[in-house]
Amino acid sequence: MTEKIYDAVVIGGGPSGATAATDLALAGHSVLLMERGGRIKPCGGAVPPRMLEDFDIPHSLLVAKARSARMIAPSGRAVDMPVGEIGYVGMVDREDFDEWLRERAEHSGAERLMGTFEKVERDEHAHPLVTFRRERGAPIESVRARCIVGADGARSAVAKQCLPDAERVKCVFAYHEIIKSPEPDAFGSTEVFDPNRCDVFYQGKLSPDFYAWVFPHGDTASVGVGSANKGFSLRGAVSTMRSDLDLTRCETIRREGAPIPLKPLKRWDNGADVIVAGDAAGIVAPASGEGIYYAMVGGRVSAEAASTFLKTGEAKALRTARKRFMKEHGRVFWILGMMQYFWYSSDKRRERFVDMCDDKDVQHLTWQAYMNKKLVRSKPMAHIKIFLKDTAHLLGLRPASS
């Protein structure tokens, strides 16, 4: 395979890599999509309706549509946040969703290759070699690429090799168990499990610095937790949650764990011929951990930057990917990061955070921002009210509800 030079080799077949491969192939470039296979990322699977529209995703890939979220405080107090008439939270199963995206990339003209990336090598030729193994113990093979797109997830091997300080990215470690959903009347009510509701637990016993969740996936459900505390037992937290919710009787289908980056990398390209996207670029929303939509956006802007580079030969075009993404989403990421820093630091603050979620203004603007993926500017007074309430809660001037 060393004889062929691809315009782009995309390393990683998740939502970001598959999107980049599709867009580059549709732009007329020769593309190789290299995927490791045999791995499903731990993910709640929540996606906004905007993602389906922006990326032409069929509704048939949704395994459920959640119409509300329930926030559960350390005290056990639960606050329901109905979506209302503005939309829904779509739920996908990553095993089927990711494969559909890869198949679309192939149908768009990208070649698929099952293999594990080894490293980027350079020799006397103009374009770098991408080395890989088709399976463990197999001989190392290589292909040449005019441009390399690293979409190989958090702790990206491409980023570590090609970008400065990429190995220092901080991560939350996520773990979840996919279980068979309880029978509709198993509990006699929807207090414990509702197939149309996402449950989010802000409790220090389940996560000292993030949150735990139960998300419906139709016939299955995702029960998971995240934490950046390496000494915290994620499996133990999920076991506790399943026991408390009487979900231990539900069959466990699979277990998955992986790191999730907390902050976008300062550089997404090497100034020559390598660019990263998705988790490899660190673009997962703080506080919420939402990554699918942002991964696909990252894949798209990186593909557009790579395409411009391939057409013009100007390596500076690769810089535009991060600039475009941060211009559109950087402010939201900053606000979510501050929210995580303040509200997830103690059970006292978590209690106040859940109490604040009971406010109708907070609920409306939260859902508007989630659906549209931007801060809502149409109600400035609502923003002022929320800021004042937020400050009061933070300073302890307003007692949390019991």
Side-chain angles (χ1 to χ4, degrees), residues 14-15 40-52 57 59 61-73 78-83 87-98 172-184 186-187 190-203 206-207 210-227 234-235 237-248 250-258 260 284-285 287-295 336 354 357 363 366-367 370-371:
I40 307 168
K41 181 184 175 183
C43 177
V47 298
R50 178 178 171 179
M51 191 198 78
L52 278 67
I57 305 296
H59 284 248
L61 284 175
L62 298 182
V63 294
K65 291 183 178 180
R67 302 290 179 176
S68 68
R70 171 169 287 187
M71 310 304 194
I72 300 96
V79 171
D80 287 336
M81 297 179 63
V83 178
Y88 57 87
V89 179
M91 309 302 297
V92 298
D93 188 295
R94 289 293 298 274
E95 182 175 19
D96 298 327
F97 180 72
D98 289 16
V172 160
F173 293 86
Y175 169 77
H176 79 160
E177 296 178 1
I178 296 293
I179 65 172
K180 278 193 174 181
S181 293
E183 293 298 323
F187 297 104
T190 59
E191 289 302 305
V192 173
F193 178 82
D194 186 334
N196 299 306
R197 186 185 70 217
C198 294
D199 291 351
V200 187
F201 295 80
Y202 297 99
Q203 300 178 341
L206 297 179
S207 174
F210 205 58
Y211 64 84
W213 68 84
V214 177
F215 286 177
H217 284 187
D219 293 337
T220 64
S222 166
V223 184
V225 64
S227 175
L234 301 179
R235 286 177 177 262
V238 170
S239 177
T240 296
M241 183 162 53
R242 289 184 65 175
S243 178
D244 290 348
L245 298 175
D246 198 20
L247 294 175
T248 53
C250 299
E251 179 186 346
T252 302
I253 297 173
R254 64 179 192 263
R255 298 176 172 89
E256 298 149 359
I260 299 174
V284 175
S288 69
E290 183 188 358
I292 299 176
Y293 172 78
Y294 293 113
L336 289 175
V354 172
C357 289
Q363 293 184 13
T366 296
W367 286 124
Y370 176 79
M371 300 298 171

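FYI, the numbering just counts along the sequence from 1.
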Which heavy atom in [X] sits nearest to a heavy atom in [Y], and how many Å separate them?
X: Ala285; Y: Leu336; result: CB-CD1, 3.9 Å
X: Val63; Y: Asp93; result: CG2-N, 4.2 Å
X: Leu206; Y: Ala237; result: O-CB, 3.4 Å
X: Tyr88; Y: Met371; result: O-CE, 3.2 Å

Say you draw a straight line from [atom1] of [X] to [atom2] of [Y]; how long is it, rounded to the nearest 0.5 Å?
X: Phe173; Y: Ile260; atom1: CZ; atom2: CD1; value: 10.5 Å
X: Tyr202; Y: Phe210; atom1: OH; atom2: CZ; value: 8.5 Å
X: His217; Y: Ile178; atom1: NE2; atom2: CD1; value: 5.5 Å
X: Met91; Y: Phe215; atom1: CE; atom2: CZ; value: 5.5 Å

Any side-chain heavy-atom pair of [X] and [Y] under 4.5 Å:
X: Phe201; Y: Leu245; value: yes
X: Ile253; Y: Thr220; value: yes
X: Cys43; Y: Ile292; value: yes
X: His176; Y: Glu256; value: yes
X: Ser227; Y: Leu234; value: yes
X: Met81; Y: Thr366; value: yes
X: Phe193; Y: Asp246; value: no
X: Pro182; Y: Leu247; value: yes

**OP:** Under the salt bridge (Lys or Arg N to Asp or Glu O under 4.0 Å) rule, what do Arg254 and Glu177 come out as? Steps first, then yes or no, please.
**Re:** CA-CA 6 Å; Arg254 64 179 192 263; Glu177 296 178 1; over 6 Å; no
Original post:
In terms of heavy-atom contacts, does CG of Asp219 have more than 12 from other residues, nucleotides or ligands at under 6.0 Å?
Top reply: no
